[in-house]
S.K.: 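This is the structure I have questions about; it appears just below.
What you are looking at is a predicted structure, and each value in this text was computed from that prediction instead of being measured. One-based numbering along the sequence shown.
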Amino acid sequence: MSTETAPTADRVAAPPPAGWEEARSRVYAVGLAAALPAANRPLVDTDGSTLAEPLTTRTDLPAFPTSSVDGWAVRGGGPWRIVGRVLAGSTPAPLTEDDTTVEIATGAMVPEGATAVLRVEESTTVEGLVSGVPRQTPEWRNPGEEAYADEELLPVGTPVDPAVIGLAASCGHDTLRVRRAPRAALLVFGDELLTTGPPAAGRVRDALGPAVPAWLRRYGCQIRPSDVVGPVADTLPAHVAALRAALTNADLVCTTGGTMNGPVDHLHPTLEALGADYVVNTVAVRPGFPMLLARVAGHDGRVRFVAGLPGNPQSAIIALVSLVAPLLAGLQGRSMPVLPHATLVEAVPGRGDHTHLALVRLDQAAGTASPVRHVGSAMLRGLAGADGFAVIRPGTRGEPGDRVPIVPLPLLPGERSS
């Protein structure tokens, strides 16, 4: 470790930690207040963004009656005389005479005057006359069957994924008004960290530098390899320079380590030097206690955020799910993440007056949660086999059969849980 220490003369007692649920609500609110600007983007450039206005239809869907089978559009009781053909993409002439028909392809517009569509495999053709018995259920899709013109299909705040893009195209949209994905950066603090090879000689391998960017991408962030910097030297000038540079282009800068007030913990003095103010300064949660979120006003008038993640790897991920996830939801104009519930299979201890986030594996079919092993603050083995965290509220413990909230680990953008 560097022998240069953070200044101590002006330090004051830390404020009491915020409750976990309070902290989530607070960071979501400040994120929503600083929501990223909206812009119209071509459909091909919207994957991973967020709707900034409702998705509506420009016409009825379908816009005209379309055949759902290959066959014959007929008028009257038959047999029917063939008078033409209609393919997808063309506008047919009306059927004006009884006992006439046109051959029709799946997806083609049903001609005005047609009384039924006869499936080709249920028809016979002899000397230019088509015979058969149409099914009682109409073999076409009516206008507005999926949606009516100007109907709202998806609300503001919906994440845009390939399914949303396809739906927007089918509605006739060429662009969408969206909020872009937040840009993120990561600063790794700690002279004790190795970036290659196995731990040795009092130094440990950095697990967060490679992992946190992947977690941030799953929360919808853009983060490039060049946005990950570290280990940053354990000096105050190095911390200030690194954080100032990262804030130039990022909406959110995550840091790892340095969230306490030890002799080489420089994050708090760095935030003070940059004129930051705290949204949350420590949270009453275990593991993960020394976490924080601060905001810094940029020269362009926009607010940037700094999330201080603890140096212990599991604690850092708890800070991500506790503070970063709701902040990013707000920045993107999305709803506050709603926590699902599951039934505990085994007992989970409480953590006194702190919320306990306990790693669990979920059985989606049974709706149950089972605690996993190897869950110390510095351990990642349990996290690698878990689906999320069970929330054990302060002053309680989890008993078998209890229904408890679950903080799920994030999926890739566009993925949907089963």
S.K.: Determine whether Leu271 and Leu243 make a side-chain contact, defined as any pair of heavy atoms from C-beta on separated by less than 4.5 Å.
M.R.: yes

S.K.: Tell me if a side-chain donor or acceptor on Gln314 pairs with a main-chain N or O of Gly376 at a distance below 3.5 Å.
M.R.: yes

S.K.: When you measure from the side chain of Asp363 to the backbone N and O of Ala366, does any donor-acceptor pair fall under 3.5 Å?
M.R.: yes

S.K.: What's the separation between atom CZ in Arg218 and atom CG in Leu328, rounded to the nearest 0.5 Å?
M.R.: 14.5 Å

S.K.: Is there a donor-acceptor contact under 3.5 Å from the side chain of Arg183 to the main chain of Ile223?
M.R.: no

S.K.: With a 6.0 Å cut-off (strictly less than), is the heavy-atom count around CZ of Arg224, excluding the residue itself, greater than 12?
M.R.: no

S.K.: Can you name the closest pair of heavy atoms from Ser67 and Val110 and give their distance?
M.R.: N-CG2, 3.7 Å

S.K.: Taking the side chain as every heavy atom from C-beta outward, state whether Pro371 and Leu359 have any pair of such atoms under 4.5 Å apart.
M.R.: no

S.K.: Answer yes or no: is there a side-chain heavy-atom contact under 4.5 Å between Trp215 and Pro410?
M.R.: yes

S.K.: Tell me whether the count of non-hydrogen atoms from other residues, nucleotides or ligands lying under 6.0 Å of CZ in Arg397 goes above 12.
M.R.: yes

S.K.: Please report the shortest heavy-atom distance between Ala108 and Val86, naming the atom on each side.
M.R.: CB-O, 3.8 Å

S.K.: Kindly give the heavy-atom pair with the smallest separation between Thr50 and Gln332, and that separation in Å.
M.R.: CG2-O, 3.1 Å

S.K.: Quick one: SG on Cys254 to CG on Asp227, what's the gap to the nearest 0.5 Å?
M.R.: 11.5 Å

S.K.: So, the side chain of His356 versus the backbone of Pro349: is there a donor-acceptor pair under 3.5 Å, distance only?
M.R.: yes

S.K.: With a 4.5 Å limit on heavy-atom distance, are the side chains of Val280 and Leu292 in contact?
M.R.: no

S.K.: Please check if the number of heavy atoms outside Arg119 that lie under 6.0 Å from its CZ is greater than 12.
M.R.: yes

S.K.: Check the surroundings of atom CD in Glu112: do more than 12 heavy atoms from other residues, nucleotides or ligands lie under 6.0 Å from it?
M.R.: no

S.K.: Do Ile406 and Val391 pass the side-chain contact (heavy atoms from CB on, under 4.5 Å) test, and can you show the C-alpha distance, the side-chain angles, and the key distance before you say yes or no?
M.R.: CA-CA 6 Å; Ile406 301 293; Val391 180; over 6 Å; no

S.K.: If only atom types and distance count, is the side chain of Ser377 paired as donor or acceptor with the main-chain N or O of Gly288 below 3.5 Å?
M.R.: no

S.K.: Quick one: sort the Tyr278 and His268 rings into parallel, tilted or perpendicular, breaks at 30° and 60°.
M.R.: tilted

S.K.: Does a donor on one side chain sit under 3.5 Å from an acceptor on the other, for Asp70 and Thr106?
M.R.: yes

S.K.: Can you check whether Arg295's main-chain N or O pairs, donor with acceptor, with Arg304's side chain at less than 3.5 Å?
M.R.: no

S.K.: Using side-chain heavy atoms (C-beta onward) and a distance below 4.5 Å, is Arg244 in contact with Leu274?
M.R.: yes

S.K.: Give a yes or no answer on whether the side chain of Ser123 reaches the backbone of Ser131 with a donor-acceptor pair at less than 3.5 Å.
M.R.: no

S.K.: Looking only at non-hydrogen atoms, find the nearest pair between Ala149 and Arg58 and report the distance.
M.R.: CB-O, 4.4 Å

S.K.: Report yes or no: does Asp387 contribute a side-chain atom to a donor-acceptor pair with the main-chain N or O of Leu362 at less than 3.5 Å?
M.R.: yes

S.K.: So, do Thr100 and Trp80 sit near enough that their side-chain heavy atoms are less than 4.5 Å apart?
M.R.: no

S.K.: Can we say Asp251 and Arg180 salt-bridge, meaning some charged N sits less than 4.0 Å from an Asp/Glu carboxylate O?
M.R.: yes

S.K.: Which distance, rounded to the nearest 0.5 Å, do you find between the OG of Ser25 and the CE of Met336?
M.R.: 4.5 Å

S.K.: Nearest heavy-atom pair of Trp140 and Pro65: which atoms, and what distance?
M.R.: CD1-CB, 4.5 Å

S.K.: What do the steps show when you test Leu176 against Leu51 for side-chain contact (heavy atoms from CB on, under 4.5 Å), and what is the final call?
M.R.: CA-CA 7 Å; Leu176 288 175; Leu51 291 182; 4.1 Å; yes

S.K.: Show which side-chain atoms of residues 337-344 pair as donor or acceptor with protein atoms under 3.5 Å away, not counting sequence neighbours.
M.R.:
from: Thr343; atom 1: OG1; to: Arg403; atom 2: NH1; distance (Å): 3.3

S.K.: Are Thr158 and Leu55 side-chain neighbours, meaning at least one heavy-atom pair lies under 4.5 Å?
M.R.: no

S.K.: Ignoring hydrogens and geometry, is there a side-chain-to-backbone donor-acceptor pair from Asp99 to Gly76 under 3.5 Å?
M.R.: no

S.K.: From Asp60 CG over to Cys171 SG, what is the distance, rounded to the nearest 0.5 angstrom?
M.R.: 11.0 Å

S.K.: Got a donor-acceptor contact below 3.5 angstrom from the Asp206 side chain to the Leu208 backbone?
M.R.: yes

S.K.: Given Thr56 and Leu153, is the side-chain contact (heavy atoms from CB on, under 4.5 Å) satisfied, shown in steps?
M.R.: CA-CA 6 Å; Thr56 60; Leu153 304 184; over 6 Å; no

S.K.: Compare every heavy atom of Pro269 with every heavy atom of Leu236, then report the nearest pair and how far apart it is.
M.R.: CD1-CB, 3.8 Å

S.K.: Starting at CD1 of Ile104, measure out to CG of Leu87 and round the result to the nearest 0.5 Å.
M.R.: 9.5 Å

S.K.: Identify whether NZ of Lys or CZ of Arg in Arg24 sits under 6.0 Å from the centre of the six-membered ring of Trp20 and within 45° of that ring's axis.
M.R.: yes

S.K.: For the atom pair NE2 (His374) and CZ (Arg381), what is the distance rounded to the nearest 0.5 Å?
M.R.: 3.5 Å

S.K.: Determine, stepwise, if the pair Arg179 / Ser49 fulfils side-chain contact (heavy atoms from CB on, under 4.5 Å).
M.R.: CA-CA 6 Å; Arg179 300 187 194 278; Ser49 59; over 6 Å; no

S.K.: May I ask you to test the Pro17-Val283 pair for a side-chain heavy-atom distance under 4.5 Å?
M.R.: no

S.K.: Do other residues, nucleotides or ligands put more than 12 heavy atoms under 6.0 Å from the CZ atom of Arg85?
M.R.: no

S.K.: Taking the basic N atoms (NZ, or NE/NH1/NH2) and the acidic carboxylate oxygens, is any pair closer than 4.0 Å for Arg373 and Glu346?
M.R.: yes

